[in-house]
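Notes to accompany the following structure.
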Amino acid sequence: MVKKSNIRFAQLRAFFEGMGFSATREKKGWRVEHAPTGTVFIFRPYRSNELVYAPDLFLIRSQLDARGLVAEDEFNESLTKTPV
């Protein structure tokens with residue numbers, strides 16, 4: 001079983017939108033894109049109140065850091081402060 005985080009998908013979407021990403025619901029899940037940098041994340045069809053899988057957060061954190069969008073420690077802090 002995949003471990004879940006303590007972050008709800010609504011928090012994650014609000015975090016992304018606050019950073020200028022667009023979130024689009026598609027047939028098989030969510031597409032979250034930051035057009036200026038070409039950064040794209042594809043997620044399973046999370047519901048707003050559903051807890052995000054921990055591996056998804058690990059991937060997001062590492063990719064945002066690698067692309068220079070937000071440092072890993074800043075990601076953790078910002079995400080937990082993002083209101084639902």
Side-chain angles (χ1 to χ4, degrees):
M1 181 185 250
V2 178
K3 183 179 177 182
K4 293 188 178 185
S5 69
N6 61 348
I7 303 298
R8 300 202 180 279
F9 190 68
Q11 287 173 273
L12 184 59
R13 279 188 55 205
F15 168 80
F16 276 129
E17 289 168 359
M19 289 193 58
F21 282 76
S22 62
T24 308
R25 181 77 161 98
E26 297 184 340
K27 265 186 190 178
K28 295 185 179 184
W30 288 93
R31 178 184 177 90
V32 180
E33 181 175 7
H34 189 255
T37 62
T39 304
V40 177
F41 295 102
I42 305 294
F43 299 105
R44 59 181 290 290
Y46 282 109
R47 293 180 314 274
S48 291
N49 66 342
E50 191 174 355
L51 295 174
V52 177
Y53 289 139
D56 285 346
L57 289 183
F58 176 81
L59 172 71
I60 296 162
R61 184 174 39 250
S62 62
Q63 286 300 304
L64 292 178
D65 184 48
R67 293 175 179 267
L69 293 170
V70 72
E72 288 190 28
D73 55 338
E74 291 175 32
F75 171 79
N76 294 334
E77 186 177 320
S78 297
L79 192 57
T80 56
K81 289 182 180 179
T82 302
V84 178

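For reference, positions follow the sequence shown, starting with 1. Since the structure is predicted, the reported quantities are computational estimates derived from the model, not experimental observations.
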Exercise. Does Glu50 use its side chain to pair, donor to acceptor, with the backbone of Arg47 at less than 3.5 Å?
Worked result: yes
Exercise. Do we get Arg44 above Trp30's six-membered ring, with its NZ or CZ under 6.0 Å from the centre and within 45° of the axis?
Worked result: no
For this session: Kindly indicate whether the side chain of Phe21, heavy atoms from C-beta on, has any atom under 4.5 Å from the side chain of Glu33.
Result: no
For this session: Name the orientation class of the two ring planes belonging to Phe43 and Phe9 (parallel below 30°, tilted from 30 to 60°, perpendicular beyond 60°).
Result: perpendicular
Exercise. Ignoring hydrogens and geometry, is there a side-chain-to-backbone donor-acceptor pair from Ser62 to Leu59 under 3.5 Å?
Worked result: yes
For this session: State plainly whether the residues Lys28 and Glu26 are in salt-bridge range, i.e. N to O under 4.0 Å.
Result: no
Seminar exercise, completed: Minimal heavy-atom distance between His34 and Leu69, with the atoms involved, is CE1-CD2, 4.2 Å
Exercise. In Å, rounded to the nearest 0.5 Å, how long is the span from CG of Asp65 to CD of Glu72?
Worked result: 4.5 Å
Exercise. What about Leu51 and Phe15, same hydrophobic cluster or not, with Ile/Leu/Val/Met/Phe/Trp/Tyr joined at side-chain heavy-atom distances under 4.5 Å?
Worked result: no
Seminar exercise, completed: Heavy-atom closest pair (Ala23 atom, Val32 atom, distance to 0.1 Å) is CB-CG2, 4.2 Å
Problem set entry | Distance, nearest 0.5 Å, that separates CZ of Arg67 from OG1 of Thr37 | 6.0 Å
Exercise. Same cluster or not: are Val2 and Leu57 linked, directly or through other Ile, Leu, Val, Met, Phe, Trp or Tyr residues, by side-chain heavy atoms under 4.5 angstrom apart?
Worked result: yes
For this session: Working to the nearest 0.5 Å, report the span between CG of Leu64 and CZ of Phe16.
Result: 5.5 Å
For this session: Working to the nearest 0.5 Å, report the span between CZ of Arg13 and OG of Ser48.
Result: 5.5 Å
Exercise. Distance from Tyr53 atom OH to Ile7 atom CD1, nearest 0.5 Å?
Worked result: 16.0 Å
For this session: Apply salt bridge (Lys or Arg N to Asp or Glu O under 4.0 Å) to Arg61 and Glu74, showing your working.
Result: CA-CA 9 Å; Arg61 184 174 39 250; Glu74 291 175 32; over 6 Å; no
Seminar exercise, completed: Rounded to the nearest 0.5 Å, the CD atom of Gln11 sits from the OG atom of Ser78 at a distance of 12.5 Å
Exercise. Taking side chain as C-beta onward, heavy atoms only, is Leu12 less than 4.5 Å from Ile60?
Worked result: yes
Seminar exercise, completed: Between Val52 and Arg8 the two heavy atoms that sit nearest each other are CG2-C, 3.9 Å
